[in-house]
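One structure is given below, encoded as structure tokens.
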Amino acid sequence: MPKFCTLFSGSSGNCTFISDGRTNLLVDAGVSATRICAALAEIGYTPYDIDGILLTHEHRDHVSGVNVMSRNFSIPVYANSGTMEKTLSTIGWIFDDYIHTFRTNEKFSIGDIEVFPFSIPHDTVDPVGYTFRFDGEYYSVATDIGYITDNILKHLCKSKAVLIESNHDVDMLKCGPYPYPLKKRILSDRGHLSNENAAHLAAQLVKWGTKSIALGHLSEKNNTEEVAYKATAECFANNDICIGTDVNLQVAPKDGICEIC
Ligand SMILES: [Zn+2]
Ligand SMILES: [Zn+2]
């Protein structure tokens, strides 16, 4: 049975689980190994079941638990060379045998899962989102995105289930406590996707056939689960998209399982 769920999602740490029932992968490991192991236990897995950790980019909320997970449980780590180098320089070493580098925008396979790492605009060396293909279906993870590019749409358009970023409410961010340079960074083309942008992306994906959407990577200070959900739900209503019939819509919690499918 396929399984696609977030374990942690948000500016304080990210980790997503995806499995075709044979090969089990994590996208990012941005909280401690202890917390990841506890979350895996909640969905009936152990860290020894994990066949690979795929990194999106080197920000701490995506990589802080990678070295301990890899070293303690012999888990291969996959990233493009820029992200791998930056990550290892900040979090510490992993065994050479577990370092696997790929080229952005070129597909590869882990077990029976085809992996498509696609480039995204964000303020790191070579950030990526991922589309996975197995048993004839596509599943995607796309967070930490400054703006939606054609390349992102191309990769997400066939997905049955997606995790997309709905990082902030623009008014909450503008009026909130962050210093001006940080606000500017988040709102920039290499920052994060607003609720409004996520809503439009989500509506487009539903029109293309996506059946399950999780809104994730919410800002703790500049968003709430209710505000993020409402923004996409309103956009769906304006586009005659019916939640529950046309699509399953959820908000991935900061800490807690969100079953996308
Ligand atoms: Zn992030
Ligand atoms: Zn980031």
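Counting starts at 1 for both ligands and their atoms, following the listed order.
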Which value, rounded to 10°, describes the OD2(D144)-the Zn ion (ligand 2)-NE2(H122) angle? 90°
Going through the distances and angles, do F108 and F102 end up as a ring-ring contact (aromatic ring centres under 6.0 Å, His included)? CA-CA 8 Å; F108 60 98; F102 57 70; 5.0 Å; yes
Output yes when D135 and R22 qualify as a salt bridge under the 4.0 Å nitrogen-oxygen rule, no when they do not. yes
So does H192 have any N/O/S atom less than 2.8 Å away from the Zn ion (ligand 1)? no
Of all N, O or S atoms in H57, the one closest to the Zn ion (ligand 2) is NE2
Please name all residues satisfying ring pair (Phe, Tyr, Trp, His ring centres under 6.0 Å) with H200, sequence neighbours left out, ordered by chain then number. none
Got a sec: is H59 within less than 2.8 Å of the Zn ion (ligand 1) via an N/O/S atom? no
With the Zn ion (ligand 1) at the center, what angle do OD2 from D61 and NE2 from H217 span, rounded to 10 degrees? 90°
Using a 6.0 Å cut-off, check whether atom CG of D150 has over 12 heavy atoms from anything other than its own residue. no
Atom NZ of K86: over 12 foreign heavy atoms under 6.0 Å: no
